[in-house]
Amino acid sequence: GVAPMAAPLVVFARFTAKAGKEDALKRELLKMIEPTRAESDNIFYDLHQGVDQPAFLFFHESWPDEAALKRHMATPHFQAMDEAVQDLQADPYSVLITRMTSTPEA
């Protein structure tokens, strides 16, 4: 028979702004929303910012598999972002690739 589909990947990408660069970093990251959501494989792609800690910004995103995530990271908009954020970050961004292990809410 057909093997069951693996659950999609859910990715948490964390960015940490240098002091005073929070808004500049947010502006660069927001440029990613429209072109990434337009990628045929993208399931969802959202940007979040810490309420009490605005230096922390997170992409919460989902892709069907690692190949789709790799294609995303090879796009011109990803490459442009990767370069643009270098001088705005306190630390290099981190990417955590997960699969949901709980049952989805009804």
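Around the CD atom of Q79, the shell of radius 6.0 Å holds more than 12 heavy atoms that belong to other residues, nucleotides or ligands. Taking a 6.0 Å sphere around CD of Q86, one finds it holds more than 12 heavy atoms contributed by other residues, nucleotides or ligands.
Placement of V95 and F56 in two distinct hydrophobic clusters is found when ILVMFWY residues are connected by side-chain heavy-atom separations under 4.5 Å, directly or transitively. V10 and I97 are assigned to two separate hydrophobic clusters, defined by single-linkage of ILVMFWY side chains at heavy-atom distances under 4.5 Å. The cluster map of Ile, Leu, Val, Met, Phe, Trp and Tyr, joined by side-chain heavy atoms under 4.5 Å apart, puts M73 and V11 in the same cluster. Residues F12 and M100 fall into different hydrophobic clusters, defined by Ile, Leu, Val, Met, Phe, Trp and Tyr side chains chained together at heavy-atom separations under 4.5 Å.
Between H72 and F78, the shortest heavy-atom contact is O-CB, 3.3 Å. Of all heavy-atom pairs spanning A7 and R99, the tightest one is O-NE, 2.6 Å. When all heavy atoms of I43 and W63 are compared, the pair lying nearest together is CD1-C, 3.6 Å. Minimum heavy-atom separation, Q49 to P54: NE2-O, 2.9 Å. Closest heavy-atom contact between P35 and K31: CD-O, 3.2 Å. Smallest separation of non-hydrogen atoms from N42 and R37: OD1-CA, 3.7 Å.
Using a 4.5 Å heavy-atom threshold, the side chains of L57 and H48 count as separate. Within the 4.5 Å cutoff, the side chain of V85 has heavy atoms near those of the L25 side chain. Residues L9 and E66 are in side-chain contact: their nearest non-hydrogen atoms beyond the backbone lie under 4.5 Å apart.
Atom CG of residue D41 and atom NZ of residue K70 lie 13.0 Å apart, to the nearest 0.5 angstrom. Between the CZ atom of R14 and the CG atom of D91 there is a distance of 7.0 Å, given to the nearest 0.5 Å. For the atom pair CE of M32 and OH of Y45, the computed distance is 3.5 Å after rounding to the nearest 0.5 Å. If you take CD on E22 and CD on Q53, they are separated by 11.5 Å, rounding to the nearest 0.5 Å.
In this structure, the side chain of K18 engages the main chain of D87 through a donor-acceptor pair within 3.5 Å. For E34 (side chain) and A38 (main-chain N/O), no donor-acceptor pair under 3.5 Å exists by modelled atom type.
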Go through the steps for F59 and D46 under the test side chain to side chain contact (heavy atoms under 4.5 Å, CB included), then give the verdict.
CA-CA 6 Å; F59 281 124; D46 300 306; over 6 Å; no
Audit row: H77, E39, side chain to side chain contact (heavy atoms under 4.5 Å, CB included) steps and yes/no
CA-CA 11 Å; H77 52 273; E39 292 177 48; 2.8 Å; yes
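For F44 and H60, the gap between ring centers is short of 6.0 Å. Separation of the F15 and F58 ring centroids does not fall under the 6.0 Å cut-off.
The side-chain contact (heavy atoms from CB on, under 4.5 Å) test applied to L30 returns K26, I33, L47, not counting sequence neighbours.
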